[in-house]
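Inspection log for the structure reproduced underneath, given as structure tokens.
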Amino acid sequence: MNIKLKVLFVITLIYLTFGQVYGTTAEGILIDWSDKPYLIDKEGDGSKIDDLVKVSWYPDVVADKLYFRLTRSSLNSANRSWKAYIDINSEGNFFYIDIRSNPNSGKADIAIYNEAWVLLWKTTGYWCDSYNSELYIPMSYIANVSEAGYGFEIYVRTDSDKAPDVGPIIISTISTYPTITLFIVFIIVIAGSLSRRKGI
Amino acid sequence: MMILLVIWIIALIFLNKLNLKFFKFVLGSLGTFIFLIHYTNDILRENILKVLAFVLNLIGGFITNFEVFPEYGMLTVTRTTEVITFFLDYECTGILEIMVYISLVAFYPIRGPLSKIYYMITGIVYITAVNLLRVMIIVFIIQGMGMKYFFFAHTVIARLIFFIFVVTLYYRTFTLEHIVQQKVGVL
């Protein structure tokens, strides 16, 4: 068999193997958090009410939602209301998210403010229990997600704790920056084609 | 779009009859790129993303503090207390580079149809592999040097390496191939 045919055959087999692997499910209070990114924060470095121990996040561009789940220490009072804040630096534009969770009612109030502390958006839902608060914010409020190449720095905190303790959580795309590459290859190909035409 | 497709095909037949090879190449490549974007963009992107995520997931098993969420096209790199989540979107899959490459190969006068298919498929594999290398370079730089080097890793080092490899592919396929063919008197 021709070597090219062999290569084509092997590549086709690999592609067909990879092609049917994944499926998506999303259920839970807001979404299923079992397979989402998270970080663990040290327990005991905050007050008894709002010691953060885990933060999860998930950007869903299609649904235009940036989801968060904040977990506070289970060593603390299960019924005390607590506040958390998420500060977002979206390429120099700052947004502040205010989360107020009431475990007694199960209600979480979410509000987004801009740099000038003007209220941009707010919502309320039954998204918290004794130790967890879930929320989402519309991604389009904080970035132009219809364009590639966006990124956020996220700082999650309460009145007494931060998660992570140092530095941000970063969510970013990693573009290949195709425009410049394609411009250069366009010149290469046209030059090649013209030299072929002229017989150079 | 169907009307445009028909007009494009008629124009190509017309240019072929007039033996205007260069214009046939330009119009053919441009049209193929536009129709590929329109008709196969989502399928191709989704599948390239699956392959990228699958391979990264395999690699992730050998690297600590590197987690892949294949069904969401996300990667997470942790360093001490800092965390970064990469979201593989449209421009991260190398889909535009792949589509342009396919479009050009389809109409560039290189050997026969089997060679074209060979070049197309190996080109897709090559660009995807280089993209994987690019992502891993970003991951290793962040893990080794810290989050503050993310911008440097992503927009300078990884970008430069990807650029060099992709330009090399185009040069190898479209320029060097042509020179070799001329030297051996194929054309």
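Note that the structure is predicted; figures quoted are calculated from it, not measured. These numbers come from the heavy atoms of this one structure, side chains and all, not from hydrogens, waters or symmetry mates.
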Could you check Glu97(B) against Thr181(A) for side chain to side chain donor-acceptor pair (under 3.5 Å), going step by step and ending with a plain yes or no?
-> CA-CA 8 Å; Glu97(B) 289 86 348; Thr181(A) 309; 4.8 Å; no
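Cluster membership for Leu20(B) and Ile7(B), using ILVMFWY side-chain heavy atoms within less than 4.5 angstrom, is not shared. There is no path of hydrophobic side-chain contacts, each under 4.5 Å, that joins Val55(B) to Phe62(B).
For Arg159(B) against Ile180(A), the heavy-atom pair with the smallest separation is NH2-CD1, 3.2 Å.
With sequence neighbours left out, Ser90(A) forms a side chain to side chain donor-acceptor pair (under 3.5 Å) with no residue at all.
For Ile169(A), the parts lying near chain B are the backbone and the side chain together; criterion is any non-hydrogen pair under 4.5 Å.
The candidate with the highest count of non-hydrogen atom pairs below 4.5 Å against chain A, out of Glu46(B), Arg134(B), Lys21(B), is Arg134(B). Of the listed residues (Gly94(B), Gly73(B), Ser29(B), Cys92(B)), the greatest number of heavy-atom pairs within a distance under 4.5 Å of chain A belongs to Cys92(B). In terms of heavy-atom pairs under 4.5 angstrom with chain A, the leader among Phe69(B), Tyr101(B), Phe163(B) is Phe69(B).
Annotation: the span from Ile170(A) atom CD1 to Phe86(B) atom CZ amounts to 8.5 Å, rounded to 0.5 Å. Distance check: Asp35(A) CG to Glu67(B) CD gives 9.5 Å after rounding to the nearest 0.5 Å. Here Tyr170(B) contributes atom OH and Leu182(A) contributes atom CG; the two are 6.0 Å apart, rounded to the nearest 0.5 Å.
The shortest side-chain heavy-atom distance between Tyr150(A) and Phe87(B) falls under the 4.5 Å cut-off. In this structure the side chain of Ile174(A) reaches within 4.5 angstrom of the side chain of Phe150(B), judged on heavy atoms. At a threshold of 4.5 Å between non-hydrogen side-chain atoms, the residues Pro59(A) and Met74(B) count as touching.
Within 6.0 Å of the OH atom in Tyr96(A), the count of heavy atoms belonging to other residues, nucleotides or ligands exceeds 12. Residue Tyr149(B) places its OH atom among 12 or fewer non-hydrogen atoms of other residues, nucleotides or ligands, all under 6.0 Å distant.
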